[in-house]
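Values below: all heavy atoms of this structure, side chains included; hydrogens, waters and symmetry mates excluded.
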Protein chains: 2
Amino acid sequence: MVTKETINELKCPVSILLQLIGGKWKPIILYVLRSNKRRFGEISARIPTISRKVLTEQLKELERDGLIERKQFKEIPPRVEYSLTEFGKSLAPVLNEMEKWGNENFLKNQ
Amino acid sequence: MVTKETINELKCPVSILLQLIGGKWKPIILYVLRSNKRRFGEISARIPTISRKVLTEQLKELERDGLIERKQFKEIPPRVEYSLTEFGKSLAPVLNEMEKWGNENFLKNQ
DNA sequence: ATTTACAGTTACCTTTTGGTAACCAGTTAC
DNA sequence: GTAACTGGTTACCAAAAGGTAACTGTAAAT
């Protein structure tokens, strides 16, 4: 029984967003990149609980989905910088509300 | 090497929020409940792609975390209503931004 | 000659998540 | 007396996600 109220993953705006940033790590990665470009090692150091394998995978997906940009320099040792695309930056209000909620509800006195 | 910039899952506001609503289904469940209480069957009908087993699990976690309330009526056949708590309602700005972003970016002409 | 640096990749394994199908209870409708 | 209704639970299996450890390549430093 499909009524107009049924959640359709292709049309529900929340589902659509979750398909892009629904992973366990993606919002945090985007949050780390929100104001600066970062090298791979910097992101890894800022999110020490994510393994490099998974970080690589998540970055690839975010790049594939147009949310971040990967710039590789032809240097030795290699240097790679990740940054938000304009599309990625459009998520700022979402991430800001997430941050705000976390701060208001758990981090008041820290 | 832990600097003040390192993401600490206990202190990062985004991580904190993700621990509560970070699952694949939780934001959608909260979205379905955002304006109405709903019976178990109603939620299931609105999110047909989630199995009842997983829906039960997710609802239990949301209840455990204080985001939703479960009210059971002593009737036959049984009736159970789920609704947002005040704490759950405090997520409205986050869900609204998620919804807004999804609408602006993918659903403009529908 | 060996080590270090960086940004990965790969093989392999474990954990988590999710699905299916069968079953339950108590009352009402057929 | 049998089926249907609702809101689950249970056992079992499959798929997805995630972790670890070892390895790669090239140049510079020791």
Leu67(B) side, atom CG; Leu84(B) side, atom CG - distance, nearest 0.5 Å: 8.0 Å
Which heavy-atom pair separates Pro13(B) from Tyr31(A) by the least distance, and what is that distance? CG-OH, 3.7 Å
Note: contacts of residues 65-79 of chain A with DNA chain D (heavy atom, under 4.0 Å) are Ile76(A), Pro78(A)
Can you tell me how far P of dT15(C) sits from NZ of Lys24(A), to the nearest Å? 14 Å
Which is more 5' along DNA chain D, the nucleotide nearest Tyr82(B) or the one nearest Arg52(A)? Just name the residue. Tyr82(B)
Separation of Asn36(B) CG from Arg46(B) CZ (nearest 0.5 Å): 7.5 Å
Are any of the side-chain heavy atoms of Lys60(A) and Thr56(A) separated by less than 4.5 Å? yes
salt_bridge(Lys89(A), Glu86(A)) N-O dist < 4.0 Å: yes
Where chain A begins and ends its contact with DNA chain D, read 5' to 3' at 4.0 Å from heavy atoms: dG18(D) to dA27(D)
Report the base-pairing partner of dC23(D) (Watson-Crick or G-U wobble, both distances below 3.5 angstrom), or none. dG8(C)
Start with the C-alpha gap between Arg70(A) and Leu59(A), add the side-chain angles, then the distance that decides, and say whether side-chain contact (heavy atoms from CB on, under 4.5 Å) holds. CA-CA 9 Å; Arg70(A) 180 179 184 277; Leu59(A) 288 169; over 6 Å; no
Rounded distance [0.5 Å steps], CD1 in Ile29(A) versus CD1 in Ile43(A): 7.0 Å
Any residue of residues 54-61 of chain A with a heavy atom less than 4.0 Å from an atom of DNA chain D: Val54(A), Gln58(A)
Should the pair Tyr82(B) and Phe40(B) be assigned to parallel (<30°), tilted (30 to 60°) or perpendicular (>60°) ring geometry? tilted
Which whole-number value in Å describes the distance from Ile50(A) CD1 to dT15(C) C1'? 16 Å
How many angstroms lie between CD1 in Ile21(B) and CE in Met98(B), if you round to the nearest 0.5 Å? 6.0 Å
Short side-chain N/O contact from Arg39(A) to OP1 or OP2 of dA7(C), under 4.0 Å: yes
Measure across Ser15(A) and Ile28(B) and return the closest heavy-atom pair with its distance rounded to 0.1 Å. OG-CD1, 3.1 Å
Applying a strict under-4.5 Å side-chain criterion to I, L, V, M, F, W and Y, I'd like to know whether Val80(B) and Ile76(B) cluster together. no
